[in-house]
Student: 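Let me give you the structure first, and then I'll get to my questions.
Counting starts at 1 for both ligands and their atoms, in listed order. The shown structure was predicted, so the numbers you read here are calculated from the model rather than taken from an experiment. All values below come from the heavy atoms of this structure, side chains included, with hydrogens, waters and symmetry mates left out. Nothing fancy with the numbering, it's 1 onward along the sequence.
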Amino acid sequence: MNWVVEETYESLSERAARLLLATVRNKRDARLGLPTGSTPTLMYERVSEICEERYVCFAGVETFNLDEYVGIPKDHPSSYRTYMRRRLFDHVDVDLDRTHLPSGDPEVLDERFPGVPFDKALALECHRYESMIREDPLDLTILGLGRNGHIGFNEPGTAFDSVTHVVVLDESTRKANAPWFLDRPVPERAITMGLDTILQSRKIVLLAAGEAKRAIIRRLHDEPPSTAIPASVLERHDDVTVIVDREAAGDLAL
Ligand code: GLP
């Protein structure tokens with residue numbers, strides 16, 4: 001893994017935004033794997049701003065988000081689809097039909113798989129999503145990092161060869177994500193790309209910012225890969241860049 005330290009969260013976000021845009025400029029039909037969470041919010045803001053200043057064409061781009069909650073409507077204010085619309089999709093000329101997230105919305109799944117019981121429909125949805133991603137490798141996948149080392153919603157203990165699947169969220173993850181949910185508790189389940197799904201991407205960038213990520217960044221840097229730290233699966237890939245800000249790096253010698 002290549003490690004890069006940026007002094008501030010702002011410069012980390014700028015760097016990530018430029019990487020994303022370089023991928024789109026180099027390949028008009030780029031396939032991108034995209035994260036949610038608080039870390040990439042400024043990256044998306046910068047992408048939107050830069051595109052406003054100097055048009056970058058997203059018309060041929062196809063996006064695949066890492067994960068989505070189960071059991072909330074796709075247009076709920078706390079869904080990851082809503083997050084993506086607000087922060088990126090509504091600000092660039094991407095074709096919404098080419099923006100993909102796995103769906104955990106009962107209404108969508110009922111339409112997609114009529115008459116199939118919900119849990120079975122979720123399993124079919126995971127398979128559908130995985131197949132779309134496997135059609136052609138993603139060109140760039142950008143990841144955030146959970147405090148427990150999760151990427152996507154792959155919690156500690158997830159097999160390194162996992163594919164898109166339904167997860168029961170850790171209590172710590174539900175707590176960390178509670179501020180995004182004002183009107184209801186954080187859902188108990190989510191659909192996530194698996195660790196092996198993520199590894200299929202041609203290039204991977206992991207972002208970690210802030211003091212809250214310092215401990216897990218140190219472990220990721222120092223410890224041998226193990227399922228106790230899902231992000232450590234990235235050691236198996238030959239084009240991974242970890243971008244951390246100074247707060248997350250702490251006194252790590254990089
Ligand atoms: C969430 C998301 C992850 C994200 C992680 C870190 O649970 N599902 O994809 O990377 O948390 O989030 P944050 O950037 O808010 O710390």
Student: Is the centre of the Phe181 ring less than 6.0 Å from the centre of the Tyr69 ring?
Tutor: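 Under 6.0 Å, so yes.
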Student: Which distance, rounded to the nearest 0.5 Å, do you find between the CG of Asp105 and the NE2 of His76?
Tutor: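 Here the interatomic distance stands at 11.0 Å.
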Student: Who's the nearest protein heavy-atom neighbour of atom 11 (O) of ligand 1, and how far?
Tutor: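 Of every protein heavy atom, His150 NE2, 3.3 Å lies nearest to atom 11 (O) of ligand 1.
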Student: With heavy atoms under 4.0 Å as the rule, classify the contact between Ser38 and ligand 1 as side chain, backbone, both or neither.
Tutor: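 Under 4.0 Å from ligand 1, Ser38 contributes backbone and side-chain atoms.
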Student: Is Leu143 reachable from Leu207 through a run of hydrophobic residues whose side-chain heavy atoms are each under 4.5 Å from the next?
Tutor: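 No, it is not one cluster - the side chains of Leu207 and Leu143 are not joined through contacts under 4.5 Å.
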Student: Checking side-chain polar atoms at under 3.5 Å, does His100 have a donor or acceptor matched by the opposite partner on Glu62?
Tutor: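 A donor-acceptor contact under 3.5 Å links the two side chains.
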Student: Side chains of Ser38 and Thr41 only: does a donor on one sit below 3.5 Å from an acceptor on the other?
Tutor: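 Result is no, nothing qualifies.
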Student: Assess Arg147 for proximity to ligand 1: is some non-hydrogen atom of it under 4.0 Å away?
Tutor: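 No, that is not the case, since the closest heavy atom of the residue is not under 4.0 Å from the ligand.
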Student: Once you restrict to heavy atoms under 4.0 Å, what part of Tyr80 touches ligand 1? Side chain, backbone, both or neither.
Tutor: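 The answer is the side chain of Tyr80.
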Student: Can you sort out which atoms of ligand 1 are near Gly144, meaning under 4.0 Å from one of its heavy atoms?
Tutor: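 The list of qualifying atoms is 10 (O).
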Student: Where the side chain of Asp139 meets the backbone of Leu32, is there a donor-acceptor pair that is under 3.5 Å apart?
Tutor: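 A pair under 3.5 Å: no.
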Student: Quick one: nearest non-hydrogen protein atom to atom 12 (O) of ligand 1, plus distance?
Tutor: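 Result: Gly37 CA, 4.1 Å.
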Student: For Asp67, take its heavy atoms, then give the atoms of ligand 1 lying under 4.0 Å from any of them.
Tutor: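 Heavy-atom distances to Asp67 below 4.0 Å select 2 (C), 8 (N), 9 (O).
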Student: Using modelled atom types only, decide if a donor and an acceptor are shared between the side chain of Thr192 and the backbone of Phe153 within a distance under 3.5 Å.
Tutor: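 The answer is yes, because a donor-acceptor pair under 3.5 Å joins these two groups.
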Student: Determine, considering heavy atoms only, which of Leu34, Leu145, Leu206 sits nearest to atom 6 (C) of ligand 1.
Tutor: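 When every heavy atom of Leu34, Leu145, Leu206 is considered, Leu145 comes closest to atom 6 (C) of ligand 1.
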Student: Considering Thr192, Thr173, Thr36, Thr39 one by one, which has a heavy atom nearer to atom 14 (O) of ligand 1 than any of the others?
Tutor: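 Nearest heavy atom to atom 14 (O) of ligand 1 lies in Thr39.
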Student: Would Gly152 count as a contact of ligand 1 if the rule is a heavy atom under 4.0 Å away?
Tutor: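 In this structure, Gly152 qualifies as a contact of ligand 1 - some heavy atom is under 4.0 Å.
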Student: Short N/O distance, under 3.5 Å, between Lys213 and ligand 1?
Tutor: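 By distance alone, the answer is yes.
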Student: Short list, please: which atoms of ligand 1 are under 4.0 Å from a heavy atom of Asn177?
Tutor: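 Matching atoms, with element in brackets: 1 (C), 7 (O).
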Student: Crowded around Arg85 CZ? As in, over 12 foreign heavy atoms under 6.0 Å?
Tutor: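 No, CZ of Arg85 has 12 or fewer neighbouring heavy atoms, counting only those of other groups under 6.0 Å.
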